[in-house]
Participant: 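One structure is given below, represented as structure tokens, and several questions about it will come after.
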Amino acid sequence: MHKTHYSFKPWNVGRLVVWGLFALVMAVAPLLFTSNLSATMLSQMGIAIIACLSYNMLLGQGGMLSFGHAVYTGLGSYVAIHALNMLTKGQLPIPVSLLPIVGGIAGMFFAVLFGFVTTKKAGTPFAMITLGMAELVFAMSLMFSGFFGGEAGVSGDRVAGKPFFGITYGPQIQVYYLIAVYTFVCVAAMFAFTRTPLGRMLNAVRDNAERVEFIGYSTRRVRYIAFIIAGFFAGIAGGLGALNFEIVTAEVVGAGRSGGYLLFTFLGGATFFFGPIIGGILMVLAFVLLSEFTKAWLLYLGLVFLFMVMYAPGGIASLIMMNLRVAAFGQLRRLWTSYLALGGTALVLLAGAAAMVEMVYHLQLGAAMGSELHFLGATLDVASVDSWFGCIFVLLTGIGLFEVARRSFMHDWGEAQVAIEKEIKRREAA
Amino acid sequence: QKGETVKIAWIDPLSGLMGPVGNNQVKSFQFFAEKFNQSNPAGVKFEVIPFDNKLSPAESLNALKAALDQGVRYITQGNGSSVAAALIDAIDKHNARNPGKEVIYLNHSAVDPDFTNSKCNYWHFRFDADTSMKLEALTTYMKDQPDIKKVYLLNQNYSHGQQVAKFSKEIMARKRPDVQFVGEDLHPLAQVRDFAPYIAKIKASGADTVITGNWGSDLALLIKAANEGGYNGKFYTYYAGVTGTPTALGQGGAGRVYQVAYNHYNMGGQMGKWMTEFNTKFKDDFYTGSVIHIYSALSEAMAKAKSTDPVKVAAAMEGLKFKSFNGDVEMRKSDHQLQQPLYLSVWQKADTKYPYSPENTGMTLAPVQTFESYVSSTPTSCQMKRPG
Amino acid sequence: MEFFTISMLNGLSYGLLLFLLSSGLTLIFSMMGVLNFAHASFYMLGAYAGYTVSQLVGFWPALVLAPIVVGVLGSLFERLCLRKVHKYGHVPELLVTFGLSFVVLEIVQLVWGRTAVPFTPPPVLQGPAFTLVQHSVDGLGVVWGAAPAAMCQAADAAVRVVCSPFPATRGFMMLVAVFMLVAVWLLLTRTRIGLVIQAALTHPEAVESLGHNVPRVFMLVFGAGAALAGLAGVIGGSTFVTEPAMAATVGSIIFVVVVVGGMGSLSGAFLASILIGVIQTFAVAMDGSLLGLLRSMGMEPGPAASSNSLLTLTVSQVAPILPYLFLVLILIFRPKGLLGSREG
Amino acid sequence: MSESSSTQGYALELVDLRKSFGKTEIIRGAELKVAAGERVAIIGPNGAGKSTLFNLISGRFGPTSGEIRLHGQRIDGLAPYEINRRGLSRSFQVSNLFTRLSVFENLRCGVLWSLGYRYAFWKFLADLKDANDRAEQLMHMLKLDKRRDTLAMNLTYAEQRALEIGLTIAGGSSVVLLDEPTAGMSKSETTRFIQLIRDVTVGKTLLTVEHDMGVVFGLADKIAVLVYGEVLAFDTPDAVRANPRVQEAYLGSVLAEQQAGGH
Amino acid sequence: MLKIDNLHAYYGKSHVLHGVNLDIGQGEIVALLGRNGSGRSTTAKAIMGLVDCTGQIAWKGQDILGRKAYEIAHLGIGYVPENRDIFPTLTVHQNLMLGQKGKGQGSRWGFDDMYGMFPRLKERQHTEAGVLSGGEQQMLTLCRALMGDPDLIIIDEPTEGLAPKIVELVGEYLKALKARGISVLLIEQKLTIAMSISDRALVMGHGSIVFQGTPEALRADAYVRKEWLEV
Ligand SMILES: Nc1ncnc2c1ncn2[C@@H]1O[C@H](COP(=O)(O)OP(=O)(O)OP(=O)(O)O)[C@@H](O)[C@H]1O
Ligand SMILES: Nc1ncnc2c1ncn2[C@@H]1O[C@H](COP(=O)(O)OP(=O)(O)OP(=O)(O)O)[C@@H](O)[C@H]1O
Ligand SMILES: [Mg+2]
Ligand SMILES: [Mg+2]
């Protein structure tokens with residue numbers, strides 16, 4: 001009698017804990033971070049999570065590289081804000097809380113429309129069609145001011161309709177909780193999607209589209225339906241965005257937005273379901289906070305991408321999973337010292353490099369306001385040789401130590417992997 | 001209010017396409033904060049907190065939130081009417097939803113006339129001159145030029161460009177009905193790499209004059225193409241003096257490119273000294289004169305209101321008359337549009353009379369005509385809703 | 001007639017400019033399958049490097065040196081970054097170039113500042129290469145160099161004379177573009193490099209065991225592509241403006257050219273450049289709109305229509321986005337591109 | 001349909017089938033009638049068009065002219081998935097799997113359509129008892145139980161070949177085409193594999209392409225010889241072996257040796 | 001010509017070859033036999049420098065271990081990989097062209113020799129190699145390696161997917177190569193052909209050589225055949 005393996009229960013304990021934690025984090029986050037900015041950032045993170053996950057339905061699960069996902073989030077936003085304005089005028093009998101659904105339906109509608117042509121193709125032609133589509137939609141958005149509101153965009157007021165149990169959506173916190181609920185439901189729904197026949201066939205299409213045709217499925221149909229579903233969730237994200245900002249401008253359909261989804265989904269990790277969640281959070285952090293911290297944020301962003309793609313092409317999620325695997329086999333013990341060393345030396349290296357970068361930027365942009373700048377609590381003077389030498393010294397020390405730490409880490413890591421392989425072989429044999 | 005620190009959040013691009021302009025302007029704000037902190041009627045200290053909005057409305061709203069968290073009550077912005085619209089809207093809602101924490105929005109460069117007409121707002125004050133005012137001034141000059149017979153309108157296809165085209169036609173029809181508009185084109189913003197076809201078309205139309213609201217490379221490339229394509233007509237523009245454009249214009253276009261603005265590079269006097277000082281300090285040119293308007297207006301109003309509370313300052317600023325670098329100006333009560341003199345200047349070689357040379361090009365913008373406030377003043381359709 | 005001729009010339013030269021910009025991309029894309037998002041960045045680097053070098057030793061040496069510098073940088077990038085991610089597939093390759101484009105932009109701004117630099121063509125190239133003189137009586141004539149002022153003025157008021165100078169920079173640009181076409185074509189057809197790379201994309205080990213040094217070939221090709229971009233940069237930068245935004249403005253149009261032409265087809269890219277150049281130039285001259293079309297067919301759509309932005313949109317207004325329309329249509333109806341032989 | 005009555009009983013019929021690539025005609029009027037439940041091996045020199053024939057039947061290419069009938073119904077010109085839905089499936093000469101999915105997932109993908117789940121995104125895979133059972137059962141038959149969660153790309157060559165067959169028969173098609181199923185396997189593995197193929201194709205109509213005469217004679221009820229795009233002979237193994245034209249065109253002396261060797 | 005001593009090879013951390021010793025003389029055909037996964041292909045890759053390995057590989061007296069594949073190819077070793085590895089987007093002719101070193105001067109073989117050997121290839125010479133039939137691809141890889149004018153040619157399962165008649169033909173050609181003084185390392189699955197043409201047979205099991213001798217000796221050694229080749 002062979003063991004039946006497929007005893008997959010959607011609600012086993014581990015899963016309940018994970019989802020419970022997820023809900024809990026979203027519930028308490030605004031209580032911990034109370035400022036105006038963090039409230040709106042948390043809201044945007046929720047939105048970005050939905051958008052990135054929906055994007056990953058295409059990229060990670062379906063192997064479709066899209067350069068135009070913002071078209072669906074963006075058009076969802078536009079339709080939602082128009083709906084909000086109709087609602088305000090009393091022409092639309094639905095509560096504000098359902099507006100994101102309107103956005104979702106709009107996103108789906110446009111995905112039905114555009115997807116019909118884009119999903120005819122896969123691979124590079126698909127990528128290029130989406131690029132062309134995105135450029136066209138963006139160009140239209142400035143030309144057709146009726147729907148897109150021209151440069152000033154379309155604004156609305158979310159305090160509309162009857163308050164529902166005292167919820168007016170005036171205060172940001174109420175909007176946050178609306179977004180949180182949507183985020184939770186959408187994440188759950190998209191996770192569920194990966195566990196359905198269509199979701200699995202989408203993976204199959206990604207891996208080997210040709211073979212899919214020989215087991216009864218039309219690859220084009222699989223891609224098309226998945227594209228529509230992704231469009232729906234994208235539209236929800238767009239609708240939530242419209243509620244959050246109460247204004248929708250052409251940038252929401254712009255190439256920058258689409259590129260952002262691509263980059264951050266990848267950075268989070270397209271190969272794992274939860275990767276884009278990390279990606280979405282990072283996207284908001286990078287755009288909102290990083291640029292406030294430093295003028296060199298674009299440089300840092302570019303470098304982070306370069307290095308991530310080179311050294312961790314699976315994104316942050318894959319790093320996490322790799323370490324979880326190591327931990328699951330009880331090998332983390334042997335690694336943590338080298339992790340400490342690695343982290344410590346990396347910090348030194350980064351501090352040195354960042355100090356240099358900051359000084360260079362200061363020299364160009366802020367020198368007239370004085371030659372001194374503050375960096376990590378230290379005061380640097382771009383006019384003094386000492387500061388430069390100090391930084392170079394820190395940097396070089398960092399590089400040296402890091403290299404040493406890295407070698408020992410690689411060694412330990414290799415050994416841990418060997419041990420794991422052995423363990424797997426042993427278990428298989430057993 | 002004496003000795004109080006007034007924080008002003010500056011929300012404009014520091015990176016991207018408009019980054020250079022933003023960088024110039026943030027320096028201007030910081031430079032004049034220092035100047036006004038030495039002495040101002042209200043005796044307050046100004047502190048500028050810059051936020052990079054990347055020219056994005058959504059990012060600007062984030063920056064607004066961040067500014068509010070830091071207790072900022074004065075916001076200034078100017079690049080991009082989309083951002084301005086978003087900020088006006090957001091500030092209006094914020095002020096309505098958070099009484100006691102009102103915020104004032106000081107618009108230094110966004111020139112969409114709607115902001116002081118159909119979309120006018122009590123918390124918004126504009127210190128630049130809007131598109132219609134500039135065109136009033138411009139056409140006042142043009143109407144006296146007998147050699148202007150055929151005009152071509154070439155603009156960027158977004159609200160600013162569309163408005164330039166629209167108002168040009170309206171006002172010219174009123175002042176010089178005999179002038180013919182022989183062509184009109186709108187091209188996408190920052191998308192055109194080759195303006196030669198447009199020049200060919202303009203030449204074919206026989207136009208002797210081009211009115212364009214173009215800025216940045218859209219303006220520079222247009223003038224370059226005109227020089228190369230042998231087009232000899234004149235260009236009436238808005239933004240010939242803005243960062244990057246002087247270099248790109250170079251020697252070309254001398255005597256043929258006009259700019260209408262509320263300042264120019266050869267104002268002389270105190271302004272001239274400031275410009276030179278700014279130039280030596282930052283190796284950059286000062287051209288956003290509304291910065292000075294803003295500090296003057298704020299400190300005058302604060303002195304008048306004896307407070308830095310935005311609600312009182314807003315009330316004091318309405319109808320405020322003060323003296324600025326370009327003469328007597330007034331913050332018109334009905335629509336919060338600063339009424340001020342404007343100048344027409346022309347791009348030509350710098351000489352001893354007009355020595356200031358932006359970006360060391362050897363060229364300058366020499367004044368051609370000054371327009372008093374009443375000349376450029378345009379009526380408003382604003383029905384201002386005042387709080388309370 | 002004169003308008004047509006000059007527009008045709010404009011269209012051709014703009015088309016050749018597009019080819020100039022995209023030939024390096026085609027080279028890299030056709031051979032290595034890498035969608036190099038940093039191509040425009042190499043173009044910008046070429047312009048800035050050209051500017052600096054021409055300050056030191058003059059324009060003509062810069063025309064040679066700057067592309068070499070950019071080519072070396074390109075090779076280095078291939079060696080140090082691209083090669084590492086090659087094995088992960090095309091998306092990471094693309095993203096790595098994406099990352100590079102950010103870094104290049106920032107570095108350019110740090111080194112050369114955030115505003116335009118005064119990079120001008122040498123005196124030989126300033127001014128017109130020839131002038132078309134349209135005389136309402138004598139017809140169309142051509143004068144080399146600038147036409148004397150007297151020629152462009154008719155003594156008689158009834159005679160209309162129009163002089164249209166054709167800038168020397170544009171002529172030079174066309175020349176270089178043709179040179180590039182020939183050079184790349186020779187590289188592709190007269191050497192086995194193209195074959196080696198195409199084969200190595202799928203079977204690197206097999207190619208190596210036939211005795212080809214695959215990594216070096218990859219590096220050289222990427223370097224060559226970058227150098228072509230650099231050359232385009234020197235010319236584009238001096239003819240137009242050399243500023244940090246210059247990369248972004250050509251960024252996506254060159255992809256359109258490469259894709260419309262057919263993935264990896266040099267002749268396709270050439271044809272596509274010319275087509276796009278000419279179509280776009282003539283589209284600018286057309287003021288027709290849907291509304292006008294309806295009217296000319298005898299329909300009067302009513303007052304609401306005359307404010308409908310779709311109906312009133314003129315052809316010239318959409319001219320600059322026509323390439324994208326073209327791209328989408330081509331990919332739908334002929335996914336191989338104009339002259340391509342394979343999809344994707 | 002009137003024409004279907006005349007063709008009843010045949011699982012697969014090829015009528016004057018032709019295929020050209022450019023100017024070269026590869027399949028030149030092939031004719032074949034395979035009865036339901038028959039096991040047919042197709043042999044022929046390299047480049048005769050065996051794989052092309054499979055590609056035509058399975059819908060990878062459309063024929064230039066001629067007819068293909070599956071259970072009496074014309075299928076030429078249909079898309080692969082339409083043909084598959086009508087009960088025909090094929091394997092590939094070079095393994096063609098879902099490389100980043102596990103063995104189990106591969107097989108489960110294979111059974112989904114035939115069990116009617118189509119493009120469902122409102123059902124959990126885990127709840128599809130029939131699909132899971134069938135996948136498990138297949139995995140057991142293929143002796144891949146131990147590799148259940150291994151990704152297809154990490155399987156050994158022989159395992160991949162096994163999975164390739166598994167994926168082909170997963171949908172329960174009644175007509176199965178196998179293209180060189182044992183290529184690249186050692187003799188011992190081949191023997192095992194023939195048995196496996198016999199087991200999993202019980203009651204089905206089977207067409208295989210093979211060069212290994214051991215396999216051919218061990219597996220087939222009838223042999224079709226394809227030479228230059230035409231069916232030269234279609235008969236029982238013994239008759240084919242004795243056919244001098246086949247000897248000359250294809251077998252050569254190796255066969256004689258193999259026969260001497262005891263196969 | 002080729003002499004291998006105590007060769008160990010690794011795929012990442014997994015140790016595949018455990019001390020292989022073998023040598024091949026000039027003009028000799030050596031058959032390397034063994035079950036699937038015994039490490040024959042790995043041996044071939046190790047010689048070509050395509051896997052990490054330790055030990056000694058001497059070619060014409062020169063140590064080539066650790067050299068890059070293209071250097072080894074230039075020293076005169078040709079390699080026909082097992083999964084064919086034709087270049088699918090190139091034509092047959094272009095595939096052959098890539099086999100040449102330099103412009104192909106001084107090579108003992110030219111296009112005509114190849115097309116003479118397999119007329120089928122001549123017919124298909126302008127076809128993309130990807131659409132060739134399995135057998136045609138096999139012929140192509142063999143010719144491609146020959147175009148590089150090797151002194152030793154390593155052939156990994158050349159007869160896979162070939163019709164019996166062609167298999168015989170390949171056997172004939174290998175003998176012809178031998179006659180020209182070229183050495184052949186033949187990795188095979190089909191005992192019949194391997195035994196009939198080789199001078200010596202090696203049997204590999206679990207990453208090392210377990211039998212060495214003439215084909216006759218192998219035929220006679222029932223134990224080795226049973227233990228390492230069949231079942
Ligand atoms: N798409 C195509 N374009 C051009 N020629 C093709 C194409 N597909 C196959 N051919 C040619 O058709 C012929 C038959 O190929 P096929 O693969 O059917 O042979 P086969 O009988 O399976 O041979 P083998 O036993 O060697 O696998 C070959 O000569 C091949 O080159
Ligand atoms: N790329 C690889 N990574 C890891 N292990 C490998 C790799 N290639 C082969 N192996 C393993 O190395 C061992 C020897 O493989 P090799 O390919 O040399 O065998 P072989 O004798 O040629 O067999 P075959 O008949 O399958 O070709 C096998 O156990 C195989 O699983
Ligand atoms: Mg075949
Ligand atoms: Mg092998």
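Just so it is clear: chains get the letters A, B, ... in the order the sequence lines come, proteins before strands, and each one is counted from 1.
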Participant: Is B/Leu249 in contact with chain C via its backbone, its side chain, both, or neither, using a 4.5 Å heavy-atom distance?
Facilitator: neither
Participant: Between B/Ala196, B/Gly230, B/Ala220, which residue shows the highest count of heavy-atom pairs closer than 4.5 Å to chain C?
Facilitator: B/Ala196
Participant: Check each atom of C/Pro128 against the heavy atoms of chain B and say whether the ones under 4.5 Å are side chain, backbone, both or neither.
Facilitator: neither
Participant: B/Leu186 versus chain C, heavy atoms under 4.5 Å apart: side chain, backbone, both or neither?
Facilitator: both
Participant: Given that the side chain runs from C-beta out, which part of C/Thr169 has a heavy atom under 4.5 Å from chain B: side chain, backbone, both or neither?
Facilitator: side chain
Participant: Where does B/Asn23 contact chain C at under 4.5 Å (heavy atoms): side chain, backbone, both or neither?
Facilitator: side chain
Participant: Which atoms of C/Ser7 are under 4.5 Å from chain B, going by heavy atoms: the side chain, the backbone, both sets, or neither?
Facilitator: side chain
Participant: Once rounded to the nearest 0.5 Å, what's the spacing between atom CG of C/Asn10 and atom NZ of B/Lys201?
Facilitator: 13.5 Å
Participant: Looking at B/Pro20, B/Gly183, B/Pro246, which one has more heavy-atom pairs under 4.5 Å with chain C than the rest?
Facilitator: B/Pro20
Participant: Is C/Val117 close to chain B through its backbone or its side chain, or both, or neither, when contacts mean heavy atoms under 4.5 Å?
Facilitator: backbone
Participant: Look at C/Thr242, C/Val241, C/Thr131, C/Leu105 and state which one has the largest set of heavy-atom pairs under 4.5 Å with chain B.
Facilitator: C/Val241
Participant: To the nearest 0.5 angstrom, please state how far the NZ atom of B/Lys203 sits from the CD1 atom of C/Ile6.
Facilitator: 6.5 Å
Participant: Which residue out of C/Arg114, C/Arg170, C/Glu243 racks up the most heavy-atom pairs below 4.5 Å with chain B?
Facilitator: C/Arg170
